[in-house]
Amino acid sequence: MTAFAEGRPIFLDLADRMADDILAGIYPEETQVPSTNELAAHYRINPATAGKALNRLVDQNVIYKKRGLGMFVATGAPEALRASRRASFTAEFVLPLLDEAARVGLTTDEIVTMIKDQS
Amino acid sequence: MTSHPPAGTPSGIVLEHVTKRFGRTEVLTDISAVLPPGRIYGLLGANGVGKTTLMSLVCNHTFRSGGTVLIDGEDPAENPVVLGRTCFIREDQPYNDAFKVRDVLSAVSWFYPDWDAALAERLADRFHLPHRTTCKKLSRGQRSALAIVISLASRAAYTFLDEPYLGLDPSARGIFYDELLLAYSEHPRTIVMSTHLIDEAAGLLEEVLVLHEGRIVLRADADEARTSAFVARGLDSAVTALVGHREVLSERRLGSILSVTVRGARTADDESRARAANIALEAASLQELVAAIGIGGIGGVDTESFTTQRTSR
């Protein structure tokens, strides 16, 4: 069993994880994603929780239901996910980075240099 | 008061003002709850809070002192039809010591109309239960495994598991979790399970009911309960200011450092204030929340508390 993030409902974490997998191309557009019961069995979680994760992705138009067949990745979902991840990049990654930088006394210029050295 | 659906319809478990006294000791006090069918419930709380007693009286293994219990709209007391839909596995399930494992499985199959003999056999093999060994010679873990086999193969519409895995090693517990989910997916049923291994089992649960001193003090969606408490750690005055009037479940001190477990979800405002005041905010797991309740945190501020050992980020 893979551990889920503490302090956060599992269904949110699982939905993000599946979105990661869709972004990574593990589930290409118009291919089927695992069912509620498959997800529940794999992650050892309650099927209701797995179902909530899938419903969240349906609400975000990332996946859609084909009646009698299961859930499929929507066309354009990876691009839409990329756009929304870019929109939250500052809050999710830049602000925590600046926090830690402030704590250890790094200036913005120093951080910029560090980033350029990495790329 | 409430209108109950007709008998026989799967309508779950209804408890109304249920009370249980042993002599002068009140073990359960005014328990009221509706448990819709088809879900996995965790019945949590410290030892001696009444978990076993509550399961026993729902299954008519113990008489209640007051209140109403309904399963599918019917009182289970002296009601063989309703009791045929229940399976209650006790923490220390008694077996006839002279019986072999296969005799036990064959004998209990008579109690359960939906008994799945093929599943019982498959599970007994998976848990490496020796069919020809008498119950007297089973280890603690094997006794638990046998109880689990019975509970899942019973396919009872209402399955009660009281600390089902004493003595089971981690890999056998893993088998139990997998088989529980498989059995539940294939034949949905209502499962009420008590456990102290909360962190391990939390993901399996749909709802949690936390008992403390004979009362239900918390009922929540199990997944949402993961956000129903958090730990703030930092300088005493800063932490106290951040917490404000919110309910503190427990607190620990180390010099001028104060670490408190706060009931409720942490907000975005908490996050930014914590950043500014150098306070570390961390999630409290469901297990920590239940432990804090068990120490007496709910309903008052306690002074002594439980340990949360975590590495700081």
Side-chain angles (χ1 to χ4, degrees), chain A residues 1-19 33-59 70-71 87-106 108 111, chain B residues 36 38-42 170 173-186 188 191 193 199-208 220-231 265-266 268 270-272 274-276 278 280-289 308 310 312-313:
Chain A
M1 181 166 60
T2 326
F4 288 93
E6 289 282 346
R8 196 166 179 241
I10 291 173
F11 86 94
L12 290 177
D13 218 44
L14 178 55
D16 282 355
R17 226 177 254 201
M18 295 187 68
V33 297
S35 70
T36 299
N37 282 341
E38 285 168 344
L39 288 170
H42 181 76
Y43 289 108
R44 277 189 190 148
I45 54 172
N46 192 287
T49 308
K52 276 205 235 166
L54 289 177
N55 284 339
R56 181 174 168 82
L57 294 174
V58 169
D59 291 344
M71 300 286 196
S88 60
F89 192 84
T90 301
E92 297 260 339
F93 296 96
V94 180
L95 291 182
L97 176 94
L98 293 176
D99 276 345
E100 179 63 10
R103 220 172 282 143
V104 301
L106 282 170
T108 308
I111 299 168
Chain B
R39 297 182 187 174
I40 305 179
Y41 297 91
R173 292 206 298 274
I175 294 173
F176 166 58
Y177 300 141
D178 288 344
E179 293 292 346
L180 178 83
L181 281 174
L182 184 63
Y184 173 74
S185 299
E186 287 181 347
I191 297 168
M193 178 166 83
D199 279 345
E200 209 174 273
L204 304 174
L205 310 172
E206 183 165 350
E207 280 195 61
V208 292
D221 176 292
D223 207 12
E224 279 161 22
R226 290 164 68 85
T227 54
S228 58
F230 65 93
V231 178
R266 68 191 202 217
D270 286 333
E271 309 259 1
S272 61
R275 260 200 300 273
N278 245 325
L281 292 185
E282 282 160 0
S285 71
L286 182 57
Q287 181 157 306
E288 288 162 352
L289 174 66
T308 41
R310 288 167 175 284
S312 57
R313 286 195 280 173

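Side chains included, hydrogens not; waters and symmetry mates left out as well; all remaining heavy atoms used. Reminder, nothing fancy here: chain letters follow the sequence lines and each chain counts from 1. The structure displayed is predicted, hence computed values, not measured ones.
Using a 4.5 Å cut-off between heavy atoms, B:L181 contacts chain A through its side chain alone, with no backbone atom that close.
Minimum interatomic distance between A:P9 and B:T227 (heavy atoms only, all atoms of both residues): CD-CG2, 3.6 Å. Nearest heavy atom pair, residue A:I10 against residue B:G203, reads CD1-CA, 4.0 Å.
We find that A:K52 and B:D221 are joined by a salt bridge, their nearest charged nitrogen and carboxylate oxygen being less than 4.0 Å apart.
Applying the side chain to side chain contact (heavy atoms under 4.5 Å, CB included) criterion to B:Q287, with sequence neighbours excluded, gives B:I198, B:D199, B:S285. Take B:F176 and apply the ring-ring contact (aromatic ring centres under 6.0 Å, His included) test, not counting sequence neighbours, and it matches B:Y165.
A donor-acceptor pair is defined here as one N or O able to donate and one able to accept, closer than 3.5 Å; no such pair exists between the side chain of A:D99 and the backbone of B:R275.
To the nearest 0.5 Å, atom CG of residue A:L95 and atom CD of residue B:E271 are 11.5 Å apart. In this structure, B:Y41 OH and A:N46 CG are separated by 10.5 Å, a value rounded to the nearest 0.5 Å.
With contacts defined as side-chain heavy-atom distances shorter than 4.5 Å, the pair A:R103/B:N278 qualifies. Using a 4.5 Å heavy-atom threshold, the side chains of A:R44 and B:D178 count as touching.
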